Q: 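Dropping a structure here in structure tokens format, bear with me for questions.
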Amino acid sequence: TRRHLCPGPPRYGAAMSSNALSDGGDDGIFLDIVCGCVPVVNLEKVSPFHENAAWMLQTALASSNKADALYEFVGDREILRECRHLDLGEDDIFIARLRQDGLQDVRAVGTSGKHAVRLALVVALLLKNPNGHRELWSELRTYGLEKSFDNILRHAERQQHGPSKEDNGGEGHEVEGVELQMICNGKVPVLGLDKSSILHEQASWLLQTAANHDGKAGALYDFADDVYVLNECMRVGLNKQEAGIVRLTPRHLRDIIAVGTSGKRSIMVAAVVALIVNGRTDVAQLRSAIAGNYDELDAPICSLTRQASYLSGRSIELGASPSDRVCDNRQQYNDSWRGQSGGKWSNNYSSWDSSLGHGSTSFKNNSAKSRPSKRRACPTDPGDLDEELENYWRQSPKRQHR
């Protein structure tokens, strides 16, 4: 059935804003891929593509007809169902297909009016037929939009297929013993974990820490029967037995889904990645918890985060390394001391040198039971000591007979 809809005012689905182009793409464009090849585009008015989407569609189709005449709105239950997984309401979803003969299978979704629909159709057309379109690229170059649109297409391709061979942006982020893919529009990690991986032994601790949960890691998730996620797993080559689909159990994390392909530890690490890419745990705080407990995990967690960020097309902040923060805190502490009494730390940070005549206080660590010296750190008048001793004996007469 056809559904002729007149696009209404922009209404933004909650999930769309989490998938903004983060690799140099244009601000104000949010893009997902559903059903393997259907772009879902939210286009804000601040984007330069907002006012250029009409001629882009006309040029891509080499047509002089009005842009509105080049496509029609349709109903598609499968596309509608997958869009709902992006937390979009039915009123937000405008499904369109091209009218041109031979291209009526090209479909796309706009979620913020007809400009978004037109841009989504251009993206869908170039994903289907990437070659040619010289006039389109020439015009984009004239308007200074070539690089931005190329970034949009790269983002869409990564959503559709994962990183391309020509795109080396993800090189160096792989973690030994970990195989990671992202499905369901970059929301759900599919992770395989080899026993040789450094993450294997501490998988439980990582999940407990990322979820800020003191209980057992196994109580943080339940196995889930999700047809949509299973279909996505099968699309990337897994069978039903290989896909361990879980949903986190805490009430505020019930929307988080992860897939492990090699046992419960792979599920736990997948859940950590899911929390990270969906913005439900702070990577900087996770790294702070790692520091001092399992320092060797910092580098692989950073690499895994970068890989997940690249595969999902989402921007994820790593924060400063824990060692950098320690140095910064030490510097601030030293600076605060420099402002008091005109003193300064010596170069080895083991003693305090003051211009007020205080002696140098050092701490030795000769054994585990060693204690800091209780010796007075500043000189005292001998007369004061005699007075204190006399008062001591006066207050306790019994001591005089000992």
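The structure presented is a predicted model; accordingly, all values stated were derived computationally and were not measured. The first residue of the sequence shown is numbered 1, and numbering continues consecutively from there.
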Q: Taking the six-membered ring for Trp, are Trp205 and Tyr294 parallel (under 30°), tilted (30 to 60°) or perpendicular (over 60°)?
A: perpendicular
Q: Would you indicate whether the side-chain heavy atoms of Val269 and Leu304 approach each other to under 4.5 Å?
A: yes
Q: Going by salt bridge (charged side-chain N to carboxylate O under 4.0 Å, His left out), name the residues that satisfy it together with Arg81, two or more places apart in sequence or in a different chain.
A: none
Q: Do side-chain atoms of Asn212 reach the backbone of Gln208 as a donor and acceptor pair under 3.5 angstrom?
A: no
Q: For residues Leu318 and Arg287, determine if any side-chain heavy atom of one lies less than 4.5 Å from a side-chain heavy atom of the other.
A: yes
Q: Hey, does Glu296 have a side-chain heavy atom less than 4.5 Å from the side chain of Ile198?
A: yes
Q: Should Leu126 and Phe149 count as side-chain neighbours, where that means a heavy-atom distance under 4.5 Å?
A: yes
Q: When you compare the side chain of Val123 with that of Leu153, does any pair of heavy atoms fall below 4.5 Å?
A: yes
Q: Counting distance only, does the side-chain N/O of Ser262 pair as donor-acceptor with the main-chain N or O of Gly192 below 3.5 Å?
A: no
Q: The criterion is side chain to side chain contact (heavy atoms under 4.5 Å, CB included); which residues satisfy it with Asp68, sequence neighbours excluded?
A: Tyr71, Lys114, Arg118
Q: Tell me, do Cys302 and Arg306 make a side-chain contact under 4.5 Å, heavy atoms counted?
A: yes
Q: Output every pair passing side chain to side chain donor-acceptor pair (under 3.5 Å) with a member in residues 52-65, not counting sequence neighbours, ordered by first then second residue.
A: Asn52-Trp55
Q: Could you list the residues that satisfy side chain to side chain contact (heavy atoms under 4.5 Å, CB included) with Ala108, not counting sequence neighbours?
A: Pro39, Ala120, Leu121, Ala124
Q: Would you give the length of the straight line joining atom SG of Cys83 to atom CG of Leu88, rounded to the nearest 0.5 angstrom?
A: 6.0 Å
Q: Could you please spell out the steps behind the side-chain contact (heavy atoms from CB on, under 4.5 Å) verdict for Phe49 and Leu145?
A: CA-CA 8 Å; Phe49 289 98; Leu145 296 174; 4.1 Å; yes
Q: Restricting to salt bridge (charged side-chain N to carboxylate O under 4.0 Å, His left out), what partner residues turn up for Asp255, sequence neighbours left out?
A: Arg280
Q: Would you name the heavy atoms of Gly132 and Trp137 that are closest together and state the gap between them?
A: O-CD1, 3.9 Å
Q: Using side-chain contact (heavy atoms from CB on, under 4.5 Å), reason through Val283 and Ile276 one step at a time and then give a plain yes or no.
A: CA-CA 7 Å; Val283 181; Ile276 290 173; 3.8 Å; yes
Q: Holding to salt bridge (charged side-chain N to carboxylate O under 4.0 Å, His left out), I want the full list of residues that pass it with Arg254, two or more places apart in sequence or in another chain.
A: none
Q: When you measure from the side chain of Arg107 to the backbone N and O of Arg97, does any donor-acceptor pair fall under 3.5 Å?
A: no
Q: How far apart are the closest heavy atoms of Ala289 and Thr209, and which atoms are they?
A: CB-CG2, 3.6 Å
Q: Has Asp194 got a side-chain atom pairing as donor or acceptor with Ser197's backbone, closer than 3.5 angstrom?
A: no
Q: When you compare the side chain of Val109 with that of Phe94, does any pair of heavy atoms fall below 4.5 Å?
A: no
Q: Show the nearest heavy-atom pair for residues Val277 and Ala308, with the distance to one decimal.
A: CG1-CB, 3.6 Å
Q: Kindly determine whether Thr111 and Asp92 satisfy side-chain hydrogen bond (donor to acceptor under 3.5 Å, both in side chains), including the steps that lead there.
A: CA-CA 5 Å; Thr111 67; Asp92 301 319; over 6 Å; no
Q: For Glu242, enumerate each residue passing the side chain to side chain contact (heavy atoms under 4.5 Å, CB included) test, keeping only those at least two apart in sequence or located in another chain.
A: Leu238, Asn239
Q: Determine which pairs satisfy salt bridge (charged side-chain N to carboxylate O under 4.0 Å, His left out) with at least one residue from residues 204-221, sequence neighbours left out, and list them in order.
A: none
Q: Under a 4.0 Å N-O cut-off, is there an ion pair linking Glu201 with Lys195?
A: no
Q: From Glu176 CD over to Leu199 CG, what is the distance, rounded to the nearest 0.5 angstrom?
A: 10.5 Å
Q: Do Asn293 side-chain atoms and Ile290 backbone N/O form a donor-acceptor pair below 3.5 Å?
A: no
Q: Identify, with sequence neighbours excluded, every residue that meets salt bridge (charged side-chain N to carboxylate O under 4.0 Å, His left out) alongside Glu146.
A: Arg141
Q: Nearest 0.5 Å, please: how far is CG in Leu191 from CZ in Arg265?
A: 14.0 Å
Q: Using modelled atom types only, decide if a donor and an acceptor are shared between the side chain of His115 and the backbone of His50 within a distance under 3.5 Å.
A: yes
Q: What are the two closest non-hydrogen atoms of Val188 and Ala258, and how far apart are they?
A: CG1-CA, 4.1 Å
Q: What pair of heavy atoms forms the shortest contact from Leu311 to Gln181, and how long is it?
A: CD1-CA, 4.3 Å
Q: Taking side chain to side chain contact (heavy atoms under 4.5 Å, CB included) as the test, write out the residues that go with Asp282, two or more places apart.
A: Ala284, Gln285
Q: Just by distance, do the side chain of Ser47 and the backbone of Leu43 share a donor-acceptor pair under 3.5 Å?
A: no
Q: What side chain to side chain donor-acceptor pair (under 3.5 Å) pairs are there with at least one residue in residues 119-130, not counting sequence neighbours?
A: Asp105-Lys128
Q: Where do Val175 and Pro300 come nearest, in terms of heavy atoms and distance?
A: CG2-O, 3.4 Å
Q: Quick one: CD on Gln307 to CD1 on Ile316, what's the gap to the nearest 0.5 Å?
A: 11.0 Å
Q: Please answer whether the main-chain N or O of Arg314 pairs with a side-chain N or O of Ser309 as donor and acceptor at a distance below 3.5 Å.
A: yes
Q: Considering only distance and modelled atom types, tabulate donor-acceptor pairs under 3.5 Å from the side chains of residues 217-233, sequence neighbours left out.
A:
{"from": "Asp226", "atom 1": "OD1", "to": "Tyr228", "atom 2": "N", "distance (Å)": "3.1"}
{"from": "Asp226", "atom 1": "OD1", "to": "Val229", "atom 2": "N", "distance (Å)": "3.0"}
{"from": "Tyr228", "atom 1": "OH", "to": "Asn185", "atom 2": "ND2", "distance (Å)": "3.4"}
{"from": "Asn231", "atom 1": "ND2", "to": "Val227", "atom 2": "O", "distance (Å)": "3.3"}
{"from": "Glu232", "atom 1": "OE1", "to": "Cys184", "atom 2": "N", "distance (Å)": "3.3"}
{"from": "Glu232", "atom 1": "OE1", "to": "Arg235", "atom 2": "NH2", "distance (Å)": "3.3"}
{"from": "Glu232", "atom 1": "OE2", "to": "Arg235", "atom 2": "NE", "distance (Å)": "3.3"}

Q: I'd like to know if the side chain of Asn278 reaches the main chain of Lys187, judged simply by a donor and an acceptor atom lying under 3.5 Å from each other, with no hydrogens or angles considered.
A: yes
Q: Measuring from atom CG of Leu125 to atom CG of Leu57, what distance do you get when rounded to the nearest 0.5 angstrom?
A: 8.0 Å
Q: Do Leu61 and Val122 have side chains that approach each other closer than 4.5 Å (heavy atoms only, starting at C-beta)?
A: no
Q: What's the separation between atom CG in Leu119 and atom CD1 in Ile29, rounded to the nearest 0.5 Å?
A: 5.5 Å
